[in-house]
Structures are given as C-alpha cells and as structure tokens.
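Here the structure is laid out as structure tokens; the discussion comes afterwards.
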Amino acid sequence: MKASSGALLAAMALAALAATALATDYKVGGSDGWDTFINYDKWVAGKTFMVGDTITFTYMPYHNVLEVNEADYATCAVDNPLSTHSNGSTTFALTAVGTRYFICGIPRHCLNGTMHVAVATVPFDPTKAAPPAAGPSPASAPLPSPPADAAVPASSPAADAVVTKPPTGASASNGAPRYQQSAAAMVAGLALAALAALVVA
C-alpha cells in the first residue's frame, strides 16, 4: 500500500510540474504593449489561454490597467474596477477557467475602441500548450567569434516572443531556469525523484 501511495503521489507531482513547466507568459499587444493604437481583438485571435498561463501588460505612465466585470467592460465603465494597476508592468496569473476583462481607465482610451481586451481561459491541455519561442538552429547560423578582449552584450528575447515561464523560485540543479532546460532533462530528473520516493517508501 505504501508503494502505491508513493507512486500516486509521484505521478500527481509529475503532472502538476509538467503543467507548470508548459505555462506561457503572453505579452499583451506583443512588442507594442498596452497602447491606444493596437487592435487587441486581433491580438487575442488564435491564442489559447490556459489555466497556469500569465498575461503581462507593459505600458507607459499615461496608461493603466483595470480589471473589470463584463458589464463594465462592455461600457468602458471605470467606477467599480476589480483591481487597478499603474506601475508600467502588470502580470495577471490565469488561475481559473472563464473570461477576464481588462480596460485602460484613462478617459477615452477604452471608449475609442482599442484599449480593452477580454481573455478567455480554458483548462490546461498539454497538447495545446504554446511551444517556447523558436529561435534559429545553432548549426544553421554559426556566429563569428568576437575578439578575446571584446565585450559581449547579453542577448534578450524579442519583446513579443511567447516566453515559457518557470514557477516562482524554480530552478534546476545546473542553475538554469527550468524553461531553459530540455524537456527530456526535466522528465529524467522527475523520474529519478519519483523512483527515489518509491524506494524510500
């Protein structure tokens, strides 16, 4: 009985970890962010937001993000927001199935027809999870080596790239965030941990 309980616990932990590892952080508006000239209906089209994903609004100080209910979204009403944010970068965790509504509370920014977005969240499905942003194959485009005394700038992903986000505080034994490790390495590590849990039980 002890061994089967340990196996069940290990399987549940593996499933939860897989869902978290595949979570996606969507940058609202892509590289343009949260601004008045973006068509957010087009930005949302074709995206599948799943429980565990996050959405991040990046905006200038003359904008804000209000989460509102459906009625206030439909009329751009700003008097009773569920939450108000104005720090220039706001991330919302999509923790439940359903639709969440966001508007800019600055006069006429929502009413002009652009600064509003509805995000419909569906249950997590690993077969539909957004893959990490694809980059060029290292073998297909070798980079020239810089001189030994040259400073090498840090690279950063494109602002509108879909970035797989690790859970808070998660890192692997090699020090790299989990989203930068191969899935095979993660699964192998989890399998070893499950096996160790079964042996100890």
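Just so it is clear, the values below take in all heavy atoms, side chains as well, and ignore hydrogens, waters and symmetry mates.
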Report task. Compare every heavy atom of Val44 with every heavy atom of Val117, then report the nearest pair and how far apart it is. Result -> CG2-CG2, 3.3 Å

Query raised in the report: Would you say Asn112's side chain and Thr114's backbone share a donor-acceptor pair under 3.5 angstrom?
Result: yes

Query raised in the report: Quick check, are the ring centers of Phe57 and His63 under 6.0 angstrom apart?
Result: no

Query raised in the report: If every non-hydrogen atom of Gly33 is compared with every non-hydrogen atom of Ile38, which pair is closest and at what distance?
Result: O-CG1, 3.9 Å

**Report entry** Expected output: side-chain Asn64 to main-chain Gly105 donor-acceptor under 3.5 Å
**Finding:** yes

Query - Over all atoms of both residues, closest heavy-atom pair of Ala118 and Thr99 - result: CB-CG2, 4.0 Å

Query raised in the report: Are Tyr59 and Asn87 close enough, and set up right, to give a side chain to side chain contact (heavy atoms under 4.5 Å, CB included), and what steps lead you there?
Result: CA-CA 8 Å; Tyr59 48 97; Asn87 66 355; 3.4 Å; yes

Report summary line: All heavy atoms of Thr91 vs all of Thr56, minimum pair found to be OG1-OG1, 2.9 Å

Query raised in the report: Do the side chain of Tyr101 and the main chain of Ala71 share a donor and acceptor less than 3.5 angstrom apart?
Result: no

Requested in this report: Using the side chain to side chain contact (heavy atoms under 4.5 Å, CB included) rule, take Trp43 and Val28 through it: C-alpha gap first, then chi angles, then the decisive distance, then the call.
Outcome: CA-CA 8 Å; Trp43 177 78; Val28 177; 4.0 Å; yes

Report task. Could you tell me whether the side chain of Thr36 and the main chain of His109 form a donor-acceptor pair under 3.5 Å? Result -> no

Query - Minimum heavy-atom distance Asn39-Asp41, with the two atoms named - result: OD1-N, 3.0 Å

Report summary line: CG of Leu94 to OG1 of Thr54, rounded to nearest 0.5 Å, is 7.0 Å

Report summary line: Contacts of Cys110 meeting disulfide bond (SG atoms under 2.5 Å apart) (sequence neighbours excluded), chain-then-number -> Cys76

Query - Residue of the set Leu82, Ile55, Thr90 for which side-chain contact (heavy atoms from CB on, under 4.5 Å) holds with Phe102 - result: Ile55

Query - Given Asn80, Asp72, Ile106, Val78, the one that forms side-chain contact (heavy atoms from CB on, under 4.5 Å) with Leu66 - result: Val78

Query raised in the report: What orientation do Phe92 and His85 show, parallel under 30°, tilted 30 to 60°, or perpendicular over 60°?
Result: perpendicular

**Report entry** side-chain hydrogen bond (donor to acceptor under 3.5 Å, both in side chains) involving Ser86 - partner list, sequence neighbours excluded
**Finding:** none

Query - Over all atoms of both residues, closest heavy-atom pair of Val51 and Thr121 - result: N-CG2, 3.5 Å

Query - ring-ring contact (aromatic ring centres under 6.0 Å, His included) partners for Tyr40, two or more places apart - result: Trp34

